[in-house]
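The block underneath contains the structure these notes are about, expressed in structure tokens.
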Number of protein chains: 2
Amino acid sequence: MKSSIRPEPSRKRQGASSASGRARARVTLETLARRLDLAPATVSRALNGQGARYRIAPGTVRRVLELARKLGYRPNPLARALRTHTSHSIGLVVPDIGNPFFAEIASSVADAARKNGYVLLLGDSQDSTDLERDTLGTMAERNVDGLVVCPVGLESKHICTLARSGRPLVLADRGVAPNQLPCVTADHAQGGRLAAQLLARLGHRRVGIIQGLPGTLPNEERRQAFESAWKQLVGQPVAVAGHAFSYESGVEAAEDLLRRFPDLTAWFVLCNVSARGAVEVLRRHGRNIPRDVSLIVFDDQPFSELLEPSWTVIQQPVRDIGRRAAERLFDLLRNRAKPTPTWERLSVRLVLRESVAPPGQSRIIEPTSLGTVRGSKAHASRGTV
Amino acid sequence: MKSSIRPEPSRKRQGASSASGRARARVTLETLARRLDLAPATVSRALNGQGARYRIAPGTVRRVLELARKLGYRPNPLARALRTHTSHSIGLVVPDIGNPFFAEIASSVADAARKNGYVLLLGDSQDSTDLERDTLGTMAERNVDGLVVCPVGLESKHICTLARSGRPLVLADRGVAPNQLPCVTADHAQGGRLAAQLLARLGHRRVGIIQGLPGTLPNEERRQAFESAWKQLVGQPVAVAGHAFSYESGVEAAEDLLRRFPDLTAWFVLCNVSARGAVEVLRRHGRNIPRDVSLIVFDDQPFSELLEPSWTVIQQPVRDIGRRAAERLFDLLRNRAKPTPTWERLSVRLVLRESVAPPGQSRIIEPTSLGTVRGSKAHASRGTV
DNA sequence: AGGCTCTGCTCAAACGTTTGAGCATACGAA
DNA sequence: TTCGTATGCTCAAACGTTTGAGCAGAGCCT
């Protein structure tokens with residue numbers, strides 16, 4: 001028998017128990033150790049399944065586990081994080097959580113985090129590189145084990161630095177330097193090509209693009225793919241307007257296009273929020289969609305099919321993007337994968353609805369077959385208040 | 001002069017520096033203390049503005065601050081949290097972050113957190129009380145300093161327990177036991193009354209409600225207020241269908257109402273997601289809105305005014321709800337306020353658009369004035385990808 | 001000269017873990 | 001009997017802070 005004389009580790013403070021009268025003291029390793037007349041080290045190893053490795057008697061392990069369960073012991077994640085430098089938390093940084101696209105990303109990442117026993121720190125960069133940098137710094141400082149970042153996308157240095165510091169980091173949606181970091185996005189270029197092909201087949205010749213934030217990967221890939229396909233298919237230039245992934249930019253760009261290129265028969269809008277602005281402008285000017293202007297929008301949203309006319313869209317696999325990014329992050333965290341800078345491009349679909357038609361016509365005549373989905377019930381999903 | 005012999009605190013591990021060759025060692029209180037030949041305690045107090053209180057020489061304080069700035073010292077939040085039991089983090093738990101309503105709440109709470117120097121832990125309860133309980137437990141365990149909770153709302157025990165444990169907690173949107181806890185919601189009842197008044201004035205007599213999750217505060221207040229106003233104004237019963245804040249529930253409820261009460265001339269839909277389902281069903285059945293069925297929806301969303309017909313809605317001050325909840329939380333955290341169970345009900349607005357009309361008619365004739373806003377441009381906001 | 005007060009710090013414990021190293025005891029072998 | 005080895009733990013440091021208590025020296029008063 002070993003001596004059971006253990007020094008009281010100084011005076012145990014009783015928490016607020018003297019005041020409230022019933023705030024039970026936190027149960028820590030100490031608590032368990034004392035009750036079992038063991039050292040905290042032993043208890044720790046027993047709980048962490050290190051019993052075999054450190055020759056803790058099986059009976060002892062059992063007693064520890066039992067008491068832990070009985071007292072409802074939960075290890076203190078902060079102490080653990082301090083000691084081990086791993087916090088069981090991941091960070092997610094998005095440009096705007098209020099945006100349904102990123103909200104959906106957040107939803108799938110949150111889901112993955114929970115299923116893996118991690119907590120999720122959320123940061124909103126508000127499309128500002130400075131805020132993004134700050135937020136990433138804060139999160140690194142808090143020892144997040146890894147990060148999913150939907151970067152603003154205009155600058156990449158701070159992100160590369162962070163990743164090089166050894167912290168697993170996966171980019172989603174917008175990549176910066178996607179050749180250096182793991183990255184999951186929609187196949188923006190494919191979307192651009194599909195849009196161009198559709199409009200070309202319908203007989204359009206003079207078309208315009210309402211773009212988002214120039215310089216960001218989604219914007220450039222969508223635009224360039226469209227332009228290059230259009231050049232090849234139709235051989236005409238493409239008008240471009242717009243400066244941000246925002247409603248206001250959509251409004252201004254639409255006014256701009258109407259003024260400078262009133263003869264365009266179709267618009268390719270690279271962002272669903274901008275598209276709302278564009279539609280508003282068209283209505284205000286009494287232009288009919290699709291008779292006067294055909295509209296095709298990048299990114300589907302639940303309401304797209306409810307509108308009159310319903311929007312023809314390039315549908316991104318939003319949930320999959322978030323899910324894959326999270327999966328890859330957790331693969332990295334479990335050392336199941338090396339941080340290869342593989343760039344996964346997930347296929348998009350063209351969903352054909354009412355907002356496109358041949359120039360001057362009010363509806364599509366020929367059922368097209370460009371790898372296209374006919375106005376489908378894409379969005380069910382859960383509800384709101 | 002004091003002795004400058006300080007024991008090397010055992011061997012300093014170099015981190016990964018030997019491997020990567022340039023991972024600079026973390027700068028801690030120790031680092032500063034050594035360089036300045038001071039005790040960590042002194043450095044700590046100097047940095048925390050305790051200089052006066054603990055009689056640190058002003059010159060010393062200055063030297064400490066300077067070096068800290070020069071070396072870019074950032075206190076380790078985990079160590080601090082472990083020691084002080086306060087983490088400079090808050091938690092936000094919502095039923096569904098993918099839902100634009102809660103995404104907007106998250107946006108405003110995230111904003112407040114950042115401005116106050118806090119990080120935000122996000123939890124998604126997926127409208128499950130069990131998940132909510134787990135998530136809250138996890139967050140408490142991580143020592144979040146406070147919580148904003150948009151509860152599922154069917155059970156309140158775990159939330160009350162958590163709050164009673166002394167952790168500041170503010171409810172938002174849906175209250176559970178709102179008489180015991182600080183709470184910020186829209187004035188659901190006012191919304192219900194406004195809806196009833198509008199439909200009554202337009203001459204409707206047989207109307208129905210498509211509800212959300214029964215038993216939750218928003219659902220009950222909206223429904224009851226509508227019913228009681230309706231009883232007073234029209235003296236007719238109100239049909240009720242629906243079982244969740246979801247698209248599917250909206251579809252089923254709409255089918256249900258059409259089958260059981262085909263003669264209703266107006267529906268009050270308590271959730272915008274359900275409303276999408278309801279509209280789908282009406283279209284499928286060839287019912288015209290508003291001629292066959294007038295529609296009024298609780299909660300405005302950016303797309304509501306773009307639809308054809310545009311939706312008449314009860315608009316909630318979503319951002320304000322989130323902002324106020326966060327403000328109240330931070331007031332609690334700063335001890336600027338006692339945790340009074342005050343329930344703030346923020347005013348809603350009736351936004352009149354095309355989806356309502358007198359029974360059998362296609363549009364409103366009489367410009368009504370029920371504290372009503374004429375189909376306004378409510379949503380600008382920032383954009384998406 | 002001795003005591004008192006003030007100044008400017010230092011000490012060491014504490015928060016709750018993890019983890020490498022080491023210490024008793026028991027048992028089998030020589 | 002003595003050594004070697006296996007068994008089953010314990011010790012103590014470490015993670016990076018914060019904080020109550022206390023100590024040494026200087027200056028002043030009596």
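The chains referred to below are lettered A, B, ... by the order of the sequence lines, with proteins before strands, and numbering in each begins at 1.
- An OP1 or OP2 oxygen of C/dC9 is reached within less than 4.0 angstrom by a side-chain nitrogen or oxygen of B/T60.
- Considering every non-hydrogen atom in both A/A81 and A/N143, the closest pair reads O-ND2, 4.1 Å.
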* To do: Please report the C-alpha distance between B/N116 and B/H88 in whole Å, then the side-chain angles of each, then the deciding distance to 0.1 Å, and finally whether the side chain to side chain contact (heavy atoms under 4.5 Å, CB included) criterion is met.
  => CA-CA 9 Å; B/N116 285 276; B/H88 268 76; over 6 Å; no

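- An OP1 or OP2 oxygen of C/dT18 is reached within less than 4.0 angstrom by a side-chain nitrogen or oxygen of A/N48.
- The distance between atom CZ of B/R53 and atom P of D/dA21, rounded to the nearest whole Å, is 12 Å.
- At a threshold of 4.0 angstrom between heavy atoms, the contacts of A/R55 include nucleobase atoms, whether or not backbone atoms are also involved.
- Rounded to an integer number of Å, the gap from A/E30 CD to D/dA12 P is 14 Å.
- The two residues A/A140 and A/R167 have their closest heavy-atom pair at O-NH2, 3.4 Å.
- Rounded to whole angstrom, the span from the CD atom of A/E141 across to the P atom of D/dC15 amounts to 18 Å.
- Applying the 3.5 Å distance criterion, the base of D/dT10 shares a donor-acceptor pair with the side chain of A/R45.
- One finds no side-chain N or O of A/T42 lying less than 4.0 angstrom from the OP1 or OP2 phosphate oxygen of D/dC9.
- Side chain of A/R80, nearest nucleotide from D/dG8, C/dG16, C/dT18: C/dT18.
- Side-chain nitrogen and oxygen atoms of A/Y54 include at least one within less than 4.0 Å of the OP1 or OP2 phosphate oxygen of C/dG20.
- Atom pair A/L29:CG and C/dC15:P shows a separation of 13 Å (rounding to whole Å applied).
- Residue contacts for B/R74: at a heavy-atom cut-off of 4.0 Å it reaches the sugar-phosphate backbone alone, with no base atom in range.
- The nearest whole Å value for the distance from the CD1 atom in B/I56 to the P atom in D/dT18 is 13 Å.
- The side chain of A/H85 has D/dC15 as its nearest neighbour among C/dG8, D/dT18, D/dC15.
- For the pair B/Y73 OH and D/dG16 C1', the computed distance is 7 Å after rounding to whole Å.
- Nearest nucleotide to the side chain of A/A79, out of D/dT19, D/dC15, C/dG16: C/dG16.
- Between B/T84 and B/P58, the one whose closest nucleotide on DNA chain C sits nearer the 5' end is B/P58.
- The shortest distance between the side-chain N/O atoms of A/S44 and the OP1/OP2 oxygens of C/dT18 is below 4.0 Å.
- Spacing between atom CZ of A/R83 and atom P of C/dG20 amounts to 8 Å, rounded to whole angstrom units.
- The 5' end of DNA chain D is approached more closely, in terms of each residue's nearest nucleotide, by A/A41 than by the other of B/L82 and A/A41.
- Residue A/R26 places its side chain closer to C/dG16 than to any other of D/dC11, D/dG20, C/dG16.
- Closest approach of B/S125 to B/L131, counting heavy atoms only: O-CB, 3.5 Å.
- The side-chain heavy atoms of A/I105 and A/V109, taken from C-beta on, include a pair separated by under 4.5 Å.
- Between A/R324 and A/E327 there is a salt bridge, with a side-chain nitrogen of the basic residue lying less than 4.0 Å from a carboxylate oxygen of the acidic one.
- Atom pair A/L32:CG and C/dT17:C1' shows a separation of 12 Å (rounding to whole Å applied).
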